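Nothing here was measured: the structure is a model prediction, and the numbers come from that model.
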Amino acid sequence: MGFYMFAVVPGAQKPAVRHVTFDGTEYPVRTITYKDVSVVAAEAPVKIYEPNRKNAKAHQDTVAAVMKDCTVIPVSFGNVVESEADVKEFASQLYGKFKQIFPKIEGKMEVGLKLTGKKEWMKEQAMKNPALKKMQQQLNSRSRPSTYYENLAAGEASKKFVTSFHEEFEKEVFQPLAKIADAAKSNETINERMLLNAAFLLDAEKEEAFDKEVNRIYEKWKDRIDFSYTGPWPAYNFIDLKVKAGSP
């Protein structure tokens, strides 16, 4: 058996999670300590673990369970080594970085907020936009197919329209929440209707105030925007370290 690694925690803490199931087989979970940090790992076969839905959820759920008991630096999915000595070598190689990160995330959690404009509302707003409305009228009035440059101009007008929405929600939503959080990150949106894709690092003491502000924003925009408010998660977006076996 090898060791499938989930997370690094401070000290010799022993999280309550005891088992994990991969590919229909249950494996015991334990901690392996190196100096004053410990690696949470399952005694499991050395193999390639398919990142299917069940396996990915098992990994994520285990990290989340550990987080209930400890401050967590998560390890990427699918990292397995051959022996306990290899686990300690992994911890040894990254020990200095772990010691820098733990004070920054201790007692904190990450939450995510994604805002997506409802399709009909976005369409209504587009029709109210003078530049887009004019461009659409011009294209519809043509008896011939639109040219490459006309389509390009329409695309630029659409891009400006979407950018203006992103800027509005940066001010309306992201900035007020960022003032409450310990740290905040506005990530790239993944489609034209997504108006915000943000992550926030919160101290536990600020969770209530942050939730209250999210609820205020939700009540204001709920008829026009779909909200996805998730967490708590480990500080994925605020750890400047991709932790995996073989990291230098």
Worksheet item: In terms of heavy-atom contacts, does CD of E106 have more than 12 from other residues, nucleotides or ligands at under 6.0 Å?
Response: no
Practice prompt. State, with a plain yes or no, whether a side-chain heavy atom of W233 is found less than 4.5 Å away from one of Q60.
Written response: yes
Worksheet entry | Minimum heavy-atom distance S228-T230, with the two atoms named | OG-CG2, 3.8 Å
Practice prompt. State, yes or no, whether a side-chain contact exists between D36 and Y95 at a heavy-atom distance under 4.5 Å.
Written response: yes
Worksheet item: So, F200 versus Y229, ring centres under 6.0 angstrom or not?
Response: no
Practice prompt. Drop me the distance from L202's CG to D182's CG, to the nearest 0.5 angstrom.
Written response: 7.0 Å
Worksheet item: V37 and K99: which non-hydrogen atoms are nearest, and at how many Å?
Response: CG1-CD, 4.4 Å
Worksheet item: Looking only at heavy atoms, what is the nearest atom pair of T21 and A58, with distance?
Response: O-CB, 3.4 Å
Worksheet entry | Backbone N/O of A42 and side chain of H19: donor-acceptor pair under 3.5 Å | no
Item to complete: Determine yes or no for a side-chain-to-main-chain donor-acceptor pair under 3.5 angstrom, with N197 supplying the side chain and K114 the backbone.
Response: no
Discussion item. I need the N187 CG to L113 CG distance, nearest 0.5 Å.
Written reply: 11.5 Å
Worksheet entry | Ring centroid separation Y4 to Y49 under 6.0 Å | yes
Discussion item. Under 4.0 Å between a side-chain nitrogen and a carboxylate oxygen: does that hold for E219 and K222?
Written reply: yes
Worksheet item: Ignoring hydrogens and geometry, is there a side-chain-to-backbone donor-acceptor pair from H59 to F22 under 3.5 Å?
Response: no
Worksheet item: With a 4.5 Å heavy-atom cut-off, do F102 and T71 have their side chains touching?
Response: yes
Discussion item. Around atom CD of E168, are there more than 12 heavy atoms from other residues, nucleotides or ligands closer than 6.0 Å?
Written reply: yes
Fill in: Heavy-atom closest pair, residues Y27 and M1
CE2-CE, 4.1 Å
Item to complete: Report the distance from atom CE of M122 to atom CG of L195, rounding to the nearest 0.5 Å.
Response: 5.0 Å
Worksheet item: Does atom NZ of K47 have more than 12 heavy-atom neighbours, drawn from other residues, nucleotides or ligands, at distances under 6.0 Å?
Response: yes
Practice prompt. For the pair V9 and V72, evaluate side-chain contact (heavy atoms from CB on, under 4.5 Å) and give the outcome as yes or no after the intermediate values.
Written response: CA-CA 5 Å; V9 301; V72 166; 4.3 Å; yes
Worksheet item: Quick one: are I239 and P74 in side-chain contact, heavy atoms under 4.5 Å?
Response: yes
Worksheet entry | CA sep, side-chain torsions, deciding dist, call: R30, E84, salt bridge (charged side-chain N to carboxylate O under 4.0 Å, His left out) | CA-CA 11 Å; R30 52 174 287 206; E84 183 171 331; 3.3 Å; yes
Practice prompt. I would like to know whether N79 and F90 meet side-chain contact (heavy atoms from CB on, under 4.5 Å); could you show each step before the answer?
Written response: CA-CA 11 Å; N79 280 281; F90 160 80; over 6 Å; no
Worksheet entry | Check: E213 side chain, L177 main-chain N or O, donor-acceptor pair, under 3.5 Å | no
Worksheet item: For the atom pair NZ (K57) and OG1 (T62), what is the distance rounded to the nearest 0.5 Å?
Response: 9.5 Å
Worksheet item: Any side-chain heavy atom of F238 within less than 4.5 Å of one from K108?
Response: no
Discussion item. If we check side-chain contact (heavy atoms from CB on, under 4.5 Å) with T31, which of these qualifies: V40, V39, V87?
Written reply: V40
Practice prompt. Please report the C-alpha distance between W121 and D223 in whole Å, then the side-chain angles of each, then the deciding distance to 0.1 Å, and finally whether the side-chain contact (heavy atoms from CB on, under 4.5 Å) criterion is met.
Written response: CA-CA 9 Å; W121 178 70; D223 295 332; over 6 Å; no
Worksheet item: Minimum heavy-atom separation for L201 to A235, with atom names?
Response: CD1-CB, 3.7 Å
Worksheet item: Under 4.5 Å between any side-chain heavy atoms of E110 and P232, yes or no?
Response: no
Worksheet item: Just by distance, do the side chain of N55 and the backbone of D23 share a donor-acceptor pair under 3.5 Å?
Response: yes
Worksheet item: NZ of K104: more than 12 outside heavy atoms within 6.0 angstrom?
Response: no
Discussion item. Quick one: does any side-chain atom of S38 pair with a main-chain N or O of G11 as donor and acceptor, under 3.5 Å?
Written reply: yes
Worksheet item: Counting only N and O atoms by type, is there a donor-acceptor contact under 3.5 Å from the side chain of S92 to the main-chain atoms of K88?
Response: no
Worksheet item: Between NZ of K206 and NZ of K179, what distance do you get to the nearest 0.5 Å?
Response: 13.5 Å
Discussion item. Between I105 and I73, does the side-chain contact (heavy atoms from CB on, under 4.5 Å) criterion hold? Intermediate values first, please.
Written reply: CA-CA 9 Å; I105 64 172; I73 297 176; 4.0 Å; yes
Worksheet item: How far apart are the closest heavy atoms of V80 and P45, and which atoms are they?
Response: CG2-O, 3.7 Å
Worksheet item: Looking at side-chain heavy atoms only, is the closest gap between P10 and F98 below 4.5 Å?
Response: no
Discussion item. Using side-chain heavy atoms (C-beta onward) and a distance below 4.5 Å, is V20 in contact with F6?
Written reply: yes
Discussion item. Rounded at 0.5 Å granularity, tell me how far NZ in K118 sits from CD in E124.
Written reply: 12.0 Å
Item to complete: Identify the residue among I225, L115, V214 that makes a side-chain contact (heavy atoms from CB on, under 4.5 Å) with V173.
Response: L115
